[in-house]
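Following: one structure in structure tokens, then a few remarks.
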Amino acid sequence: MALLQRTFTREVEIESENIILKIHQCEVGDVGCVVWDSGLVLAKYLEYKHCFLKGHWKNKYVIELGAGTGLVGLTAACLGASVLLTDLPALLPLLELNLTENGDKLQGNTEVRVLKWGQDVSAFVKPDVILVADCIYYQQSLEPLVVTLKELSDHNTEILMSYEERETGNKPMLQKRFFELIEDDFLLEELQGRELHPDYTSPDIHVIRLSKK
């Protein structure tokens with residue numbers, strides 16, 4: 001397993017539970033080593049929904065794909081969900097650190113496990129909810145991500161994704177391609193501004209809900 005590099009922390013408040021998550025980020029590393037704005041927006045959406053539907057996340061089984069720092073999944077665990085945080089082996093030390101750092105604040109059982117997109121997921125239990133924050137980023141991982149979404153979900157699974165609309169390089173093409181890849185298998189609904197936390201929303205950050213056709 002990869003060694004953990006030097007970290008710095010960011011505090012994220014879960015106001016509804018009077019909790020402050022302490023999230024370690026790496027000073028050097030790949031995109032999964034820091035908290036991105038779209039991940040924060042998705043985490044705050046989970047909290048905002050909890051404010052209106054108390055107990056909504058309690059006892060749900062949640063898998064976060066490409067969890068990175070684990071912020072989104074840890075937020076779900078603060079709200080009562082049982083959560084499996086997954087990423088590539090290089091990110092597991094950071095996930096383990098953030099799980100340990102915040103373990104006493106979590107209401108639901110939380111674990112960390114390797115999950116490489118596109119590989120066999122038959123050993124994983126299909127979850128109630130799949131969380132994916134800002135993972136439409138690399139061309140080589142796009143089709144494996146869609147394969148994993150299809151194989152890890154069933155008609156009862158809710159998939160919540162956030163992504164930042166980027167205009168540089170090949171990012172517009174990647175986002176277009178992602179939606180082409182999912183259109184045959186999933187229904188898509190974009191969450192509107194009134195459904196999102198009013199203090200954590202931006203015109204260039206989208207939160208979508210997918211469900212199997």
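We number each residue from 1, following the sequence as shown. Atom set for the values below is all heavy atoms of this structure, side chains included, hydrogens, waters and symmetry mates excluded.
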Under the side chain to side chain donor-acceptor pair (under 3.5 Å) test, which residues partner Ser38, sequence neighbours left out? Asp134
Would you mind checking if Glu11 and Lys22 are paired as a salt bridge, meaning a charged N to carboxylate O distance below 4.0 Å?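 Glu11 and Lys22: not salt-bridged.
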Who are the side-chain contact (heavy atoms from CB on, under 4.5 Å) partners of [X], not counting sequence neighbours?
{"X": "Lys116", "answer": "Leu88, Gln119"}
{"X": "Asn59", "answer": "none"}
{"X": "Asp154", "answer": "Lys126, Asn156, Thr157"}
{"X": "Ser211", "answer": "Leu187"}

Cationic tip of Arg10 above Trp36 ring, under 6.0 Å, 45° of axis: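 Output no; distance or angle outside limits.
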Could Arg209 and Phe186 be counted as a cation-pi pair, given that NZ or CZ must be under 6.0 Å from the ring centre and within 45° of the axis? no
Shortest non-hydrogen separation from [X] to [Y] and the atoms involved:
{"X": "Gly68", "Y": "Asp87", "answer": "N-OD2, 2.8 Å"}
{"X": "Leu42", "Y": "Leu160", "answer": "CD2-O, 3.9 Å"}
{"X": "Gly73", "Y": "Val83", "answer": "O-CG2, 3.5 Å"}

Minimum side-chain heavy-atom gap [X]-[Y] below 4.5 Å:
{"X": "Leu174", "Y": "Gln139", "value": "yes"}
{"X": "Val62", "Y": "Ser82", "value": "no"}
{"X": "Ile136", "Y": "Tyr138", "value": "no"}
{"X": "Leu85", "Y": "Arg113", "value": "no"}

Rounded to the nearest 0.5 Å, how far apart are [atom1] of [X] and [atom2] of [Y]?
{"X": "Lys44", "Y": "Asp199", "atom1": "NZ", "atom2": "CG", "value": "8.5 Å"}
{"X": "Leu196", "Y": "Ser202", "atom1": "CG", "atom2": "OG", "value": "10.5 Å"}
{"X": "Leu71", "Y": "Gln25", "atom1": "CG", "atom2": "CD", "value": "9.0 Å"}

Any residue meeting ring-ring contact (aromatic ring centres under 6.0 Å, His included) with Tyr48, in chain and number order, not counting sequence neighbours: Phe52, His197
